[in-house]
Every structure is written in structure tokens, then in C-alpha cells.
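Worksheet: one structure, shown below.
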Amino acid sequence: MKFCGGAETVTGSCIYVTYGANRILIDCGMFQGLKALRLLNREPFPFPVDELTDVVLTHAHLDHCGRLPLLIKSGFSGRIHLTQLTADLASIILRDSAKIQEEEADRANREGYSKHNPAKPLYDLGDVDNTIPMFHQVDYNSTVVLSKDLKFKLHNAGHILGAAIVELEAGEKKLVFSGDLGRFDSEIMHPPKKFKHADVMVLESTYGDLNHPAVKPVDELEKVINETFERDGNLIIPSFAVERAQELIYFISRLKRENRIPDIPTYLDSPMGVDATNVFYSYSHLHRLDNADLAHMQDCVTLIKDYYRSQTLLHSKQPKIVLAGSGMLTGGRVLHYLERHIGNPNDTILLAGFQAAGTRGRDLAAGKKELKFFGAKYAVKAQIKSLQVLSAHVDAAGTLEWLSGLRKKPQHVFLNHGEPEALKSLQNLLADKLQMNAEISKYGLTYTI
Ligand SMILES: [Zn+2]
């Protein structure tokens, strides 16, 4: 087993597993954030791509699926196993990723701010079109046989719609890959499945060093919204398109329904967010909201995909709430809103989730007074707020709860998908509370089980 991403970082998730003649990959995510990481996207894959037999995808977030088109470009021709919902969402996310990269390369070439000459996208829409036909849909809890003694099942991970934990059986050994784990107290998603037995466990560690505060996200949001509108300001929420946008729309619709905030015009300005929201509305049996909740959500928010409507909204002076991608301000339409609002002390930029190192979102959260984008510098004068409580990941206590299902300690526990402090804390916590020796997975190292 070799970690080819998501090792001592939260992005680029990719684990290469060999067993007998099988060569499989769990996830093939994009590196994001710090430049040293992003450059890894342009490196050749650290395994022979032509020998790869299967890919198993845990969920549709870009940091788990974002390098799939590159894998196909590099010669992979096997199957990509995933849930139906992940297939729907990954198609949306990969198309959007290709489009953003094409647009950014274009813009950099036009305005001449790229150091590469000419700037080239990692992949384009054509590469994504070659990837989607290789999706092979798998139901939760059904067994997929890869070879005589290698098989796997996907189980609900509760992280975002369609997200899965991978249970891989290789001969006598059972390996459980947590993927990204959802929370036990989510108001929207069902909790992650617990396991009684695993010989090897690969465990995500995003929030290994903290516990989510006990405050309710909807109460925090109420406060930020009311404070902003008392100043006649605009509220700009950089939002992840999948899960987070729907969660925020749900909370805003509840606050309006309960008359806790004024009926402020609210928009989701994100082609990908709109597609993901429509997917969310159509798979109501896979989340906890009922039809009345969904109807309120639909009434409460105007969905915008069209570029010209987006431009009109961008230039309107009326106070409003706008949700737009990307969630960590690494690109997307939200940057145009930032350009207009970041210099106004009456406006609020509300960071609504984890901000990885090296992203503009992390800079804002850390109180940086100047932000660079579109080849220029902007002074930060708007109010910067963070909704730390909104998270689609388990925290440290939730991780212990997830592991509490185990009847016996696994022989190997590998921690991945975390930044160094989170990994170290979780390693200590597992040793203290469960007498479990966990290893922090290293990029490019091969582990033999
Ligand atoms: Zn995720």
C-alpha cells in the first residue's frame, strides 16, 4: 500500500494498493492549497498507470476525484467504481474543474500574469468526457468481486451525498478506508457506518486536533446575517458547491421561516452549486430533510447559473446574501464578489468551512490585511467571519465514537487526510484513549501488510 496523496495534507487523496495481480487505487484527488502541493498535480503518477486495474472512489469532492481525468490521459483504461450519487456529483465537479482551469489559463494568457508561457490547464472538458464513461456504479452494501480473493463493499460515510467508506477484503485481511467521515450530529446527513472488525484501518484526520464547538451553526449564522444587515451590508459566503451550499440554504430557509432574520434576497451564484442543489432535491431518501424542508429551501433561494444574470447580480447595489464557489477562494465566481466587496467595511465575508493552508480562505481566516487575486492586490476592509461549526467531517470525539464500534484493535492504523498538527493530536488521542498505535502515513512510502 502506497500513499500517493492525502499524506500529511488534506488534499490529493490517493492510495495505491496491490494484491496478487490487482493494482487498485482508492481515490485520485487533486492537490490544492500550497504551491508545493499544487505542483504535484503536474508530476507523473508515482505508480505504473498502465498496470492499474481498478479505481474505487470514496466521494465526489475534488480533493478525492480531481486527478481522474489525468489518470485517463495517462493511459488508465480500467473501471472507476463509485456510488450513483458520487457519479452524478463527480461529473458536475470534474466538468466545473476543467472549465475553471481552462478559464484561468485563458485569463492568465490574456493578462499575462502566468509564469508559465503559455499557461496550460491540467485537463480540459474533453478529458472529463473521456472519464465519465468509465464510471461503474455500485450500490451501498453490495459486494464487488475484483478477483478470486479480492473484493470490496461501499458503506455510507455520512460526509456528503453518495460518500462511501471502502471495506476491502484481500484474502484473509479486511482493510477499511474511512474516506472522509461525516458527523454523528449532522442535521442533514445520516451518520457514518461503524465497523466491528478491521485488520487495517486508514483513518481521515482532518479535525484530529479539535472538537467542534457545541454552538449550533444555525444560531451563529443568524448572528452574522443580522449584524451585516443592520449595517446595510452584503453578505458574501464562499461556499463549497456540494453539501455545504445545500446546508447553508437549508439553515437560511429555516431562519427566514422562523422570522429570525429579515427576508433578504438570497442567491446561489454557482453553476456547479445549482446542479448539486438539484441533485440534492432529487435524492431526498438519502438525507434527513423532508419534502416541506425542501420546498422552503426552493422558495428561499434564487439559483443562478447563467453568466449574464450573475453579472447583473454582481453589479446590483441592493443588500443581499450571495453564496458562490469556491469555498476556499481558490477560484470561481466568488472572486468577482470579493473584488467588489472586500474593500467595504459594511460587508461581511463569511468563511463556511475548513480552509486549507495556502488558500486565500486560510489567509483571510488568519487575519491577513491584503489579498492577491486576478494579478492585483486588494486591501481587506470587509468583516471577516468564520463558521467553524459547519463541517462535514467528524471531529476528534466523533472519530473516537466511530472507532468505538470495533470489537478488537486493528493490526495497523494509518492516519491520513490531515495537516501535521491534526495528525499528531489524533495519534496521541488514539494512544491515550484506545491504546491504539497509529502510524502517520508518509507520501510515497510503501507499506507491506
Ligand atoms: Zn470530502
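Nothing here was measured: the structure is a model prediction, and the numbers come from that model. Computation of the quantities below employed the complete heavy-atom set of this structure, encompassing side-chain atoms and omitting hydrogens, waters and symmetry-equivalent molecules. When a ligand or atom number is given, it counts from 1 through the structure's own listing order.
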NE2 (His59) to the Zn ion (ligand 1) to ND1 (His61) angle, given to the nearest 10 degrees: 100°
For His61 and His59, take the angle between the two ring planes, folded into 0 to 90°, and tell me which bin it lands in: parallel under 30, tilted 30 to 60, perpendicular over 60. perpendicular
Within-4.5 Å side-chain heavy-atom neighbours: Cys14 and Phe47: yes
Name of the Asp180 N, O or S atom nearest the Zn ion (ligand 1)? OD2
From the Zn ion (ligand 1) out to just under 2.8 Å, does an N/O/S atom of His159 turn up? yes
Only residue of His197, His155, Lys153 satisfying side chain to side chain donor-acceptor pair (under 3.5 Å) with Glu167 is His155
Name of the residue among Glu204, Met201, His417, His159 meeting side chain to side chain contact (heavy atoms under 4.5 Å, CB included) with Ser178: Glu204
